[in-house]
*Asks:* 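Take this structure first; my questions come after.
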Amino acid sequence: MTVAVLEAGARRALLKWFDANRRDLPWRPARPGARRDPYAVWVSEIMLQQTRVDTVVPYFTRFMDRFPTVRTLADAPRDEVLAAWSGLGYYRRARLLHDGARDVEDHHGGGVPSNPDALAGVPGVGPYTAGAILSLAFGQPAALVDGTVARVFSRWFVLADGGTKGRALTWELARAHVAVEADPARWNEALMELGATVCLPRSPRCGACPVSAHCAARAGGVEELHPRKVPRASVPTERLQALVARLRGRVLLGRRAEDARFGGLWEPPVVPAAGGTGAAGRNLSAAVGAPVTALEVAGTVTHVLTHRRLTARVFRGVVASRPLRARHPYEKWMWVDVRRLADVGVSTFARKLIERAS
DNA sequence: AACCCGGGGAC
DNA sequence: GTCCCAGGGTT
């Protein structure tokens, strides 16, 4: 497939704009063009999946401080990695990054692969992340397409960008552009920076855009119509019952199976609200495998995920400290000092449950 | 191709 | 409320 490429003058204008407007971010070298730690690029790119820069910054800094190398991450216990990810969301990213670090230690001598095929085999590294690592860390002319890059190309070339063919065309454009640039890292970052700060989804700042004169969408006044918006299905509500059981300043948490939502994280036991409030005692006793007594309603917590709205009735109650039974989705139980919650991998939903009962 | 997976910021 | 973010994996 042969595609058009933005003319050299326009590409140069974008690069000059980037040099002047480049944000200072902790995963970027202070000096443009300086060498980057491939591991740091890897960590940042995983964290940035579906997550805004401002949200990632503090997590990245803490994570790199705690796990400064592939080796330290590979050697770390799962619980500690998830604790470091706690609150960032999409926890599978953390599990896959951890698996990836172990894979790199075991099969690549501890060095992040610079070979595209090897990189593609690392858990959690998809087409975007592979392109980012190859170009940003290794200076290779690898293309990358994320939400912002797709939007920029969609507008520059007024693409009918829906479906598989649209995505393939966008990737082809990305490849064609990076192929004619001398500095792939600079080009790819400039593209993303433009999409993130100027070529915005709504009300793009075309007046501040270095390539607006070359933008087909701008010429036609259809910036807001690109990229094509996909209608979203309504989010179904899931009704739940949660038990916040306390014992001498500690709270009962179960670790969720890795194939479940919030996989690998700890939370107060949560069950489907079958049978209504009256059945809560039975439901929760079955979940922990021990009698739950002295149940009282503490309130309600609502938490919105991408595909579900969770509404949980929160109960305080008493559970004998043991025995507790491991039963799906809970693999293991422990009593945690509520002041040490920061050391445990806990979702924001779980945090809300505990907070509501306090 | 459709669906699943968190959380938050901007409007 | 809606949109969408430096996406990847599974079915």
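Chain letters run A, B, ... following the sequence lines, proteins first, then strands; residues in each count from 1. When reading the values below, keep in mind they use all heavy atoms of this one structure, side chains included, and skip hydrogens, waters and symmetry mates.
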*Asks:* Quick one: is His303(A) getting a side-chain N or O under 4.0 Å of the dG7(B) phosphate, OP1 or OP2?
*Replies:*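 Affirmative; the distance criterion is met.
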*Asks:* Tell me what Trp85(A) touches on the nucleic acid: a base, only sugar-phosphate, or nothing, going by heavy atoms under 4.0 Å.
*Replies:*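 Result for Trp85(A) = nothing.
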*Asks:* Taking atom P of dG8(B) as reference, at what distance in whole Å does atom CG of Leu305(A) sit?
*Replies:*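 In whole Å, dG8(B) P and Leu305(A) CG are 11 Å from each other.
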*Asks:* Check the distance between dC3(B)'s P and Tyr90(A)'s OH and give it to me in whole angstrom.
*Replies:*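 It works out to 15 Å between those atoms.
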*Asks:* Select base, sugar-phosphate, or nothing to describe what Arg351(A) touches, counting heavy atoms under 4.0 Å on all strands.
*Replies:*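 Here Arg351(A) touches no strand at all.
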*Asks:* Any base atoms under 4.0 Å from Leu310(A), or only sugar-phosphate, or nothing? Heavy atoms, all strands.
*Replies:*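 Result for Leu310(A) = nothing.
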*Asks:* Hey, are Gln49(A) and Thr129(A) close enough side-chain-wise for a donor-acceptor pair under 3.5 Å?
*Replies:*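 Gln49(A) and Thr129(A) do have a side-chain donor-acceptor pair below 3.5 Å.
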*Asks:* Decide, applying a 5.5 Å centre-distance limit and a 30° plane-angle limit (both strict), whether His307(A) stacks on dC5(B).
*Replies:*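 His307(A) ring centre within cut-off of dC5(B) base, planes near parallel; stacks.
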*Asks:* Just checking Thr51(A): base, sugar-phosphate only, or nothing, at a heavy-atom cut-off of under 4.0 Å?
*Replies:*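 Base: the residue Thr51(A), judged by heavy atoms under 4.0 Å, touches a nucleobase.
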*Asks:* Rounded to whole Å, how long is the line connecting atom CG of Asp259(A) with atom C1' of dC3(B)?
*Replies:*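 The answer, rounded to whole Å, is 16 Å.
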*Asks:* Taking OP1 and OP2 of dG7(B), is either one under 4.0 Å from a side-chain nitrogen or oxygen of Tyr59(A)?
*Replies:*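 For dG7(B), neither OP1 nor OP2 has a side-chain N or O of Tyr59(A) closer than 4.0 Å.
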*Asks:* Atom CG of Leu88(A) and atom P of dA6(C): how far apart are they, to the nearest Å?
*Replies:*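 Distance, rounded to whole Å: 13 Å.
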*Asks:* Please state whether the rings of Trp187(A) and His177(A) are parallel, tilted or perpendicular, taking 30° and 60° as the class boundaries.
*Replies:*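 Plane angle under 30°, so parallel.
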*Asks:* Could you state the CZ-P distance from Arg93(A) to dG7(B), rounded to the nearest angstrom?
*Replies:*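 Checked: the CZ to P distance equals 10 Å.
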*Asks:* Using the P atom on both, measure dG8(B) against dG9(C) and round to a whole Å.
*Replies:*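 After rounding to an integer number of Å, I get 24 Å for this pair.
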*Asks:* Identify whether any heavy atom of Arg151(A) sits under 4.0 Å from a base atom; if not, whether one sits that close to sugar-phosphate; answer base, sugar-phosphate or nothing.
*Replies:*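 Contact class for Arg151(A): sugar-phosphate only.
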*Asks:* Do Arg351(A) and Ser86(A) get their side chains close enough for a donor-acceptor pair, meaning under 3.5 Å?
*Replies:*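 There is such a pair between these side chains.
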*Asks:* Hey, which of these two, Arg202(A) or Gln50(A), hits DNA chain B nearer its 5' end, going by closest nucleotide?
*Replies:*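 Mapping each residue to its closest nucleotide by heavy atoms, the 5'-most match is Gln50(A).
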*Asks:* Before you tell me yes or no, could you show the steps for Arg256(A) and Ser347(A) under side chain to side chain donor-acceptor pair (under 3.5 Å), namely the whole-Å CA-CA distance, both residues' side-chain angles and the distance that decides it to 0.1 Å?
*Replies:* CA-CA 11 Å; Arg256(A) 297 179 61 87; Ser347(A) 68; over 6 Å; no
*Asks:* Just to be sure I understand the rule, does Thr148(A) reach a base, reach only the sugar-phosphate, or reach nothing, if contact means heavy atoms closer than 4.0 Å?
*Replies:*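 If one applies the 4.0 Å heavy-atom cut-off, Thr148(A) turns out to touch the sugar-phosphate alone, with no base involved.
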*Asks:* Under 4.0 Å, counting only non-hydrogen atoms across every strand here, what does Ile46(A) touch: a base, just sugar-phosphate, or nothing?
*Replies:*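 No contact at all - Ile46(A) keeps every heavy atom at 4.0 Å or more from the nucleic acid.
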*Asks:* Give one of base, sugar-phosphate or nothing for Val125(A), where a contact means two heavy atoms less than 4.0 Å apart.
*Replies:*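 Result for Val125(A) = sugar-phosphate.
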*Asks:* Considering just the side-chain nitrogens and oxygens of Thr55(A), establish if one lies under 4.0 Å of OP1 or OP2 belonging to dG7(B).
*Replies:*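 So the side-chain polar atoms of Thr55(A) never come under 4.0 Å of the phosphate oxygens OP1 or OP2 of dG7(B).
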*Asks:* Name the nucleic acid region contacted by Ser44(A), choosing base, sugar-phosphate or nothing; use a 4.0 angstrom heavy-atom cut-off, strictly under.
*Replies:*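 Nothing: the residue Ser44(A), judged by heavy atoms under 4.0 Å, touches no strand.
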*Asks:* Touch check for Arg261(A), heavy atoms < 4.0 angstrom, all strands: base, sugar-phosphate only, or nothing?
*Replies:*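 Here Arg261(A) touches the backbone only, sparing every base.
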*Asks:* When you compare dC11(B) with dA6(C), how far apart are their C1' atoms, in angstrom units rounded to a whole number?
*Replies:*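 dC11(B) and dA6(C) have their C1' atoms separated by 22 Å.
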*Asks:* Remember a base hit wins even if backbone is also touched, and classify Gly195(A) as base, sugar-phosphate or nothing at under 4.0 Å, heavy atoms.
*Replies:*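 No contact at all - Gly195(A) keeps every heavy atom at 4.0 Å or more from the nucleic acid.
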*Asks:* Take the protein atom CE of Met47(A) and the nucleotide atom P of dG7(C), then report the distance between them rounded to whole Å.
*Replies:*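 Interatomic distance, CE of Met47(A) to P of dG7(C): 15 Å.
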*Asks:* Please report the C-alpha distance between Glu267(A) and Leu265(A) in whole Å, then the side-chain angles of each, then the deciding distance to 0.1 Å, and finally whether the side chain to side chain contact (heavy atoms under 4.5 Å, CB included) criterion is met.
*Replies:* CA-CA 7 Å; Glu267(A) 71 183 15; Leu265(A) 297 183; over 6 Å; no
*Asks:* For Ser203(A), report the nucleic acid contact type (base, sugar-phosphate, nothing); a contact means any heavy atom under 4.0 Å.
*Replies:*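 No contact.
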